[in-house]
Student: 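Could you have a look at this structure, given as structure tokens, before my questions?
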Amino acid sequence: MNSKLNKFKPQRKLSMRMQITDAVRKMVLSGKLAAGSRLPSTQELASQWDAHVTTVQQALTPLVKEGLLERTPQVGTFVRKREERLTRVGIYASGDLWRNPASAFGRCLCNELHRQLGLDNISEEVWVDPRPTDEQGKPWDELVRAASERRFQVLIVPGVGFDELAWLKKLVVPTVFLTSANIRNKVAFDGSQWAETAMQLLADQGCHRVGAICSVLAKTSEDTGGNQSEYRQFYMALEKSAAHLGLEFRPEWLLRPLKPLANTGVEFAQFGYDSFQALWRLSERPEGIVVYEDVTSSGVLMAIMREHIRIPEKLKLVLHRNTEVGLFCPVPASFMDVHVGEVAAA
């Protein structure tokens, strides 16, 4: 047995699978396991590490996907010869990204990825899924084939639904997602930090009673296959931040959708408009509100103009804005900016 692998002793208190994955990855990247060398059989490794054969099999699978190991049926598992640098990237996008006005952020993100990859002399191939939306939860054979042929070293997914995540995660190349799902290899919106800062902005303006209009659905653990989704944590962070700052934040002052909104500019704006109208009809109202997302803010602003509400005398606003996309706002407001360039870099 390889002496380097023999020295690794997993700890029982930690995840056996993750320990094996991390340990073997470090050995390959450091050169302790030489390119072209053959690993002992799964049964031998399981015996050495006092682990279940299935655990070892699952632990090595991510390394095959990352291109560090190569499995040859009936022959064995080998350390792959590593490419010197990242040169080829794939980008997967739903056709909906280009059709709907509410997807301006995604389009800006793809453009920024193109710019940043170009600066590093990395070529990219954009894969726009041509299938109807209700079919995109099934594997796209053409993309699956390209991944298996290693036409790109890494696939970047700037945002898709949970149905697409299921098959994209199974591709044989490393895949990086922009998502709120409870998965690894992702870039995610830090909802807790955003909520804390937004509430602090309202407190700094002298607000004591605060509310929020947010267009994202607080998904449960069943939806994401794991812990509470980040959007659920986002709503909890709004409540906790308000309490920490001594602000009154009543349940009726938090408006959010009861079902997912269609990815169109019209439905998000309509939600913002209707939510603000409902909030303003209450006998007791907040002195300031935060609004998320930017496509919802347009509807909120239309309702404010219709009601002839003086801003900021009668109401303070904190609005989410994607900087490179921009947001027309005819009244004074504070902005919580998200920079597309930072997201692309991450």
Side-chain angles (χ1 to χ4, degrees), residues 85-129 152-161 164-165 168 173-201 214-216 229-231 233-234 237 263-265 268-269 272 290-298 300-301 317-329 333-346:
R85 61 183 296 272
L86 182 64
T87 58
R88 306 182 311 281
V89 167
I91 299 176
Y92 171 85
S94 165
D96 190 64
L97 183 70
W98 311 106
R99 291 189 295 265
N100 285 324
S103 298
F105 173 81
R107 292 190 290 273
C108 282
L109 180 56
C110 285
N111 289 333
E112 181 62 19
L113 285 168
H114 171 75
R115 188 189 72 82
Q116 292 192 19
L117 291 168
L119 292 175
D120 288 331
N121 294 316
I122 299 172
S123 65
E124 98 268 13
E125 188 174 5
V126 180
W127 294 79
V128 180
D129 198 330
F152 41 83
Q153 297 160 278
V154 173
L155 183 69
I156 299 176
V157 182
V160 293
E164 291 99 313
L165 285 178
L168 286 166
V173 296
T175 307
V176 182
F177 299 91
L178 175 65
T179 179
S180 63
N182 185 27
I183 60 174
R184 301 181 71 184
N185 299 335
K186 68 173 182 177
V187 175
F189 167 70
D190 189 344
S192 296
Q193 183 182 32
W194 194 95
E196 292 169 7
T197 306
M199 286 296 179
Q200 184 65 61
L201 283 171
C214 304
S215 56
V216 292
S229 77
E230 293 182 19
Y231 286 132
Q233 294 176 15
F234 169 56
N263 189 23
T264 66
F268 278 90
V290 300
V291 183
Y292 182 85
E293 299 167 278
D294 57 342
V295 285
T296 305
S297 296
S298 62
V300 171
L301 291 169
L317 293 176
V318 174
L319 308 178
H320 160 250
R321 177 175 61 183
N322 292 308
T323 307
E324 289 85 345
V325 176
L327 174 67
F328 175 66
C329 180
S334 299
F335 293 98
M336 292 289 294
D337 287 331
V338 174
H339 298 277
V340 177
E342 294 178 359
V343 177

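Here, residue 1 is the first one in the sequence, and each next residue gets the next number.
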Student: Applying side-chain hydrogen bond (donor to acceptor under 3.5 Å, both in side chains), name anything that partners Ser215, two or more places apart in sequence or on another chain.
Tutor: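 For Ser215, the residues satisfying side-chain hydrogen bond (donor to acceptor under 3.5 Å, both in side chains) (neighbours in sequence not counted) are Glu293, Thr296.
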Student: Do Gln153 and Thr87 meet the criterion of a side-chain donor-acceptor pair at a distance under 3.5 Å?
Tutor: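 Result is yes, a qualifying pair exists.
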Student: Keeping the roles fixed (side chain from Glu112, backbone from Val340), state whether a donor-acceptor pair exists under 3.5 Å.
Tutor: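 Pair absent, no side-chain N/O of Glu112 close to backbone of Val340.
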Student: First locate atom CE of Met336, then atom CG of Asn322, and finally report the distance between them rounded to the nearest 0.5 Å.
Tutor: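 Answer for the CE-CG pair, Met336 versus Asn322, is 12.0 Å.
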Student: Do any pairs count as a salt bridge (charged side-chain N to carboxylate O under 4.0 Å, His left out) and have a residue in residues 335-346, sequence neighbours left out, and if so which ones?
Tutor: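 Output for this query lists Arg321-Asp337.
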Student: Show me the side-chain donor-acceptor pairs of residues 104-111 shorter than 3.5 Å, one per line, residues at least two apart or across chains.
Tutor:
from, atom 1, to, atom 2, distance (Å)
Arg107, NH1, Leu97, O, 2.8
Arg107, NH1, Asn100, O, 2.8
Asn111, ND2, Arg107, O, 3.3

Student: Indicate yes or no for a side-chain donor-acceptor contact from Ser123 to the backbone of Asn121 under 3.5 Å, with no hydrogens or angles considered.
Tutor: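 No; zero donor-acceptor contacts below 3.5 Å.
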Student: To the nearest 0.5 Å, how far apart are OG in Ser297 and CZ in Phe328?
Tutor: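 If we round to the nearest 0.5 Å, Ser297:OG and Phe328:CZ are 13.0 Å apart.
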Student: With sequence neighbours excluded, what pairs up with Thr197 under the side-chain hydrogen bond (donor to acceptor under 3.5 Å, both in side chains) test?
Tutor: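 In terms of side-chain hydrogen bond (donor to acceptor under 3.5 Å, both in side chains), with neighbours along the sequence ignored, Thr197 is linked to no residue.
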Student: Only counting residues at least two apart or in another chain, list the ones meeting side-chain hydrogen bond (donor to acceptor under 3.5 Å, both in side chains) with Glu124.
Tutor: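 Expected list: His114.
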Student: Suppose we screen for ring-ring contact (aromatic ring centres under 6.0 Å, His included). Which residues come up paired with Tyr292, at least two apart in sequence or across chains?
Tutor: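 Residues passing ring-ring contact (aromatic ring centres under 6.0 Å, His included) with Tyr292: Phe189, Trp194, Phe234, His320.
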Student: Assess whether atom CD of Glu125 is packed by more than 12 heavy atoms of other residues, nucleotides or ligands within 6.0 Å.
Tutor: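 Counting other residues, nucleotides and ligands, CD of Glu125 exceeds 12 neighbours.
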